[in-house]
Protein chains: 2
Amino acid sequence: MSWRKDQGRAERGYHHGNLKEALLQAALDLISKKGPAGFTFADAARMAGVSPAAPYRHFRDRDELIASIAQRGFEQFESLLTQAWDDGRPDTVTAFERVGKAYLAFAREEPAFYSAMFESGLPPDANPTLMAASERAFAIIRAAAERLAALAPPGMPRPPAMMMALHIWSMSHGVASLFGRGDAARRKLPMSPEELLEAEVLIYLRGLGFRTDQRPGTAAADDKPAGEKAGPWGKPK
Amino acid sequence: MSWRKDQGRAERGYHHGNLKEALLQAALDLISKKGPAGFTFADAARMAGVSPAAPYRHFRDRDELIASIAQRGFEQFESLLTQAWDDGRPDTVTAFERVGKAYLAFAREEPAFYSAMFESGLPPDANPTLMAASERAFAIIRAAAERLAALAPPGMPRPPAMMMALHIWSMSHGVASLFGRGDAARRKLPMSPEELLEAEVLIYLRGLGFRTDQRPGTAAADDKPAGEKAGPWGKPK
DNA sequence: AGCTCATGTGAACGGCTTTTACATGAGCCG
DNA sequence: CGGCTCATGTAAAAGCCGTTCACATGAGCT
C-alpha cells in the first residue's frame with residue numbers, strides 16, 4: 001500500500017469509480033510539470049491512488065494514454081479556435097488575427113496538451129480518431145483561410161485557401177514551438193510571441209495583396225498598392 | 001559478455017579507444033530510428049560493444065549525451081546554412097531562398113540531429129555552450145535578414161532585421177516540424193514542404209515590399225507595386 | 001440472493017539508469 | 001626497460017518503470 005497517498009481525495013473502496021478521468025488529469029499535471037518524456041505511467045497511477053497495474057484496465061499502454069490526451073487537446077483546441085474565429089466577426093482580418101492569438105494562448109496556457117499534440121513523437125497515422133480530431137481543428141484554420149482568400153483584392157490571382165491555411169498554421173506552430181512556452185526554449189526576443197506572430201501574419205497577408213491597415217471586412221475600397229504606409233512592426237525610426 | 005556484439009568492428013582489448021565518438025554515432029543511429037524518446041543509453045553502449053556503465057566515463061548522464069548531439073547538430077547546421085547563404089551570392093533573394101531549402105534539407109536528412117536540437121525537451125539554458133552553438137546558427141539567418149533588410153525598397157520603412165530573422169526562422173521551423181520529416185507527422189499536402197516554404201517566404205517578402213519576381217540582387221530597378229503578377233504559388237487557374 | 005464481469009491488487013519479469021568498488025593497460029618518468 | 005598512475009572499462013547492485021498474469025472485490029443485473 002505504499003502507493004496509497006491519500007492526498008486529500010475522498011476515501012474510496014476497492015474500486016476507484018472514475019479512474020480513467022483521474023489518470024488523464026494526473027497525466028496532464030505531470031506532463032505540464034516535467035514534459036511528455038518525463039511523465040511516467042506509474043506516477044500517474046500513484047497520483048490517482050491506485051496500483052501501478054490499474055491503468056492497464058483503461059489504456060492499452062502508456063502511448064494510448066498520451067494519445068488520449070492529445071485527442072482531448074485537439075478537441076479543446078478546435079473549440080477554442082472556433083470561438084476565436086467567431087465565424088469571421090466583426091471582420092475577417094480581425095477575426096483571423098484573433099485566431100492566431102488563440103493559437104498562441106493555447107500553446108502557452110495548455111503546454112501539456114500542446115506537447116502531447118505536437119511533440120510527443122506519436123505516429124499520427126497510428127490512431128485514426130486522433131488524426132480525425134487533428135483534422136477537425138485544422139479545418140477551422142482552413143475555413144478561415146477560405147473566407148480570407150475570397151476577400152483577396154480583385155485584379156490579383158486568388159491565393160489557394162489550403163496553401164494559406166498551411167502557411168498560417170506553420171507560422172503559428174513555429175512561433176509557439178520556438179518561443180511560445182514560458183519555460184521551454186526561451187530565447188531573448190525583442191518582442192512578445194504574440195506581437196511576433198501578429199506582425200508575421202500581417203506582412204504575409206500584405207504579400208497576398210491585402211490592405212491590412214484598415215478593416216473593411218468585406219468592402220475593398222481603394223486601390224492604393226500595399227506598402228506605402230507604416231509597417232505592422234510599430235514605428236519606423 | 002552478452003553485450004559484446006562484435007559487429008564487424010576491429011577487435012579491441014579492454015579499452016575501446018574511441019568510445020565517446022562511437023557512442024555519439026550510435027546515439028545518432030538510434031535516434032534517427034526510434035526518435036529521441038526511444039533512444040536508450042544502454043542500447044548505445046551495446047552498439048558500441050561496451051558495458052552499460054562505460055558511457056558514464058564520457059557523459060554525466062543520458063541528457064548530456066543528447067545535449068552533445070544537439071550541439072554537434074547546431075554546428076553542422078551552422079556550417080550548412082553558411083554554405084547555403086554563400087554570403088548572398090549570386091543575389092540576396094536567391095541566396096535567401098537557398099537558406100530556406102537548406103533548413104528543410106537538414107531537417108529531413110538529419111532527423112536525429114534535428115530532433116535532438118529542437119524536440120528533445122532539454123532546458124536550453126542548462127547548457128551554455130549548447131545555447132551558444134544554437135545562437136551561432138541563428139546568427140546566419142540573422143545576417144542574411146540584415147542584408148535583405150538593407151535591400152528593402154526605398155520609400156518604405158525598413159523592417160527590423162531581427163524581426164525578419166525570427167519570422168523566417170519560425171516559418172522554416174514550423175514547416176519542418178509539421179511537414180518536414182518523411183516519417184513523422186505526415187499530413188497530406190497539396191505541395192512539397194519545400195514548395196510550401198518557398199511560397200510562404202516569397203509572399204512574406206512581398207509583404208515587406210520586395211519585388212520577388214526578379215532577382216536584381218542589389219539594384220532596385222522600377223517601381224511597379226508588388227502584386228500585379230502571378231503569385232508564387234504557380235499558375236492561377 | 002446470487003451471478004458475472006468490469007475494475008483493482010500483488011507479485012513477478014526484464015530492461016533502463018545510475019552508482020560503487022574493482023580491473024586493465026596506455027603513457028609517462030626515471 | 002621497469003614501474004607508477006590514472007583514464008577508461010567492468011561487474012554487481014539498487015531503484016525505478018512498463019507490462020503481464022493470476023487472483024480479489026464488489027457494482028449492477030436478473
Side-chain angles (χ1 to χ4, degrees), chain A residues 1-7 9-27 29-31 33-69 120-122 126, chain B residues 1-7 9-27 29-31 33-69 120-122 126:
Chain A
M1 295 229 184
S2 69
W3 42 265
R4 188 65 201 282
K5 283 299 191 163
D6 279 328
Q7 25 197 20
R9 293 291 148 266
E11 298 301 324
R12 69 163 180 91
Y14 194 89
H15 291 285
H16 182 289
N18 202 14
L19 184 53
K20 187 163 189 169
E21 211 51 40
L23 287 172
L24 287 167
Q25 194 51 55
D29 283 11
L30 290 170
I31 293 179
K33 269 183 222 139
K34 312 190 293 183
F39 151 75
T40 80
F41 222 32
D43 253 342
R46 232 184 323 264
M47 196 164 299
V50 296
S51 80
Y56 290 86
R57 296 295 175 196
H58 299 275
F59 302 96
R60 195 177 340 91
D61 56 20
R62 185 177 170 284
D63 279 358
E64 191 179 285
L65 203 180
I66 296 189
S68 279
I69 290 188
S120 58
L122 303 176
Chain B
M1 295 230 184
S2 67
W3 42 264
R4 187 66 202 284
K5 282 301 192 160
D6 278 329
Q7 25 198 23
R9 295 288 148 265
E11 299 301 324
R12 69 164 179 92
Y14 195 88
H15 291 285
H16 182 288
N18 201 15
L19 184 53
K20 187 164 190 168
E21 212 50 41
L23 287 172
L24 287 167
Q25 194 52 54
D29 283 10
L30 290 170
I31 293 179
K33 268 182 223 140
K34 313 189 293 182
F39 151 76
T40 80
F41 222 33
D43 252 342
R46 234 185 322 266
M47 196 164 298
V50 297
S51 79
Y56 289 85
R57 296 293 175 200
H58 300 275
F59 303 97
R60 196 179 337 92
D61 56 20
R62 188 177 169 285
D63 279 358
E64 190 179 285
L65 204 180
I66 295 188
S68 279
I69 291 187
S120 58
L122 303 176

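Within every chain, numbering begins at 1; the chains are lettered A, B, ... in the order of the sequence lines, protein sequences first and strands thereafter. Just the heavy atoms: all of them, side chains too, but no hydrogens, waters or symmetry mates, feed the values below.
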Which nucleotide in the list dT9(C), dT10(D), dC16(C) gets nearest to the side chain of S51(A)?
dT9(C)
Ignoring backbone atoms, establish whether H58(B) has a side-chain N or O less than 4.0 Å from OP1 or OP2 of dA7(D).
no
Round to a whole Å and report the spacing from CG of L23(B) to P of dT8(D).
12 Å
Provide, to the nearest angstrom, the distance between the CZ atom belonging to F59(B) and the P atom belonging to dG9(D).
11 Å
Picking from dG9(D), dT20(C), dT17(C), the nucleotide nearest the side-chain atoms of A53(B) would be dT20(C)
Using whole Å, what does the distance between atom C1' of nucleotide dC17(D) and atom CD1 of I66(A) come to?
14 Å
When you measure from the side chain of D61(B), which nucleotide among dT18(C), dA21(C), dG8(C) comes out closest?
dT18(C)
Measure from NZ on K20(A) to C1' on dA6(C) and round the result to the nearest Å.
13 Å
Among L23(B), L24(B), D63(B), which residue satisfies the side chain to side chain contact (heavy atoms under 4.5 Å, CB included) criterion with S68(B)?
L24(B)
If the cut-off is 4.0 Å, is R60(B) near the phosphate of dT18(C), judged by side-chain N/O to OP1 or OP2?
no
For dT9(C), take OP1 and OP2 only and decide whether either is under 4.0 Å from a side-chain N or O of R57(A).
no
Pick base, sugar-phosphate or nothing for A42(A), based on heavy-atom distances below 4.0 Å to the nucleic acid.
sugar-phosphate
Nearest-Å distance for atom pair CG/P, residues N18(B) and dA7(D)
18 Å
F39(A) and I66(A): which non-hydrogen atoms are nearest, and at how many Å?
CE2-CG1, 4.0 Å
E64(A) has an atom CD; how far is it from atom P of dG18(D), in whole Å?
15 Å
Have a look at Y56(A) and say if it touches a base, only the backbone sugar-phosphate, or nothing, with a 4.0 Å heavy-atom cut-off.
base
Minimum heavy-atom separation for A26(B) to A44(B), with atom names?
CB-O, 4.0 Å
Grab the two heavy atoms, one from L65(B) and one from F59(B), that are nearest each other, plus how far apart they are.
CA-CD2, 3.8 Å
Tell me what R62(A) touches on the nucleic acid: a base, only sugar-phosphate, or nothing, going by heavy atoms under 4.0 Å.
sugar-phosphate
The salt bridge (Lys or Arg N to Asp or Glu O under 4.0 Å) partner of D43(B) among R62(B), K34(B), K33(B) is K34(B)
Check the distance between dT24(C)'s P and L19(B)'s CG and give it to me in whole angstrom.
19 Å
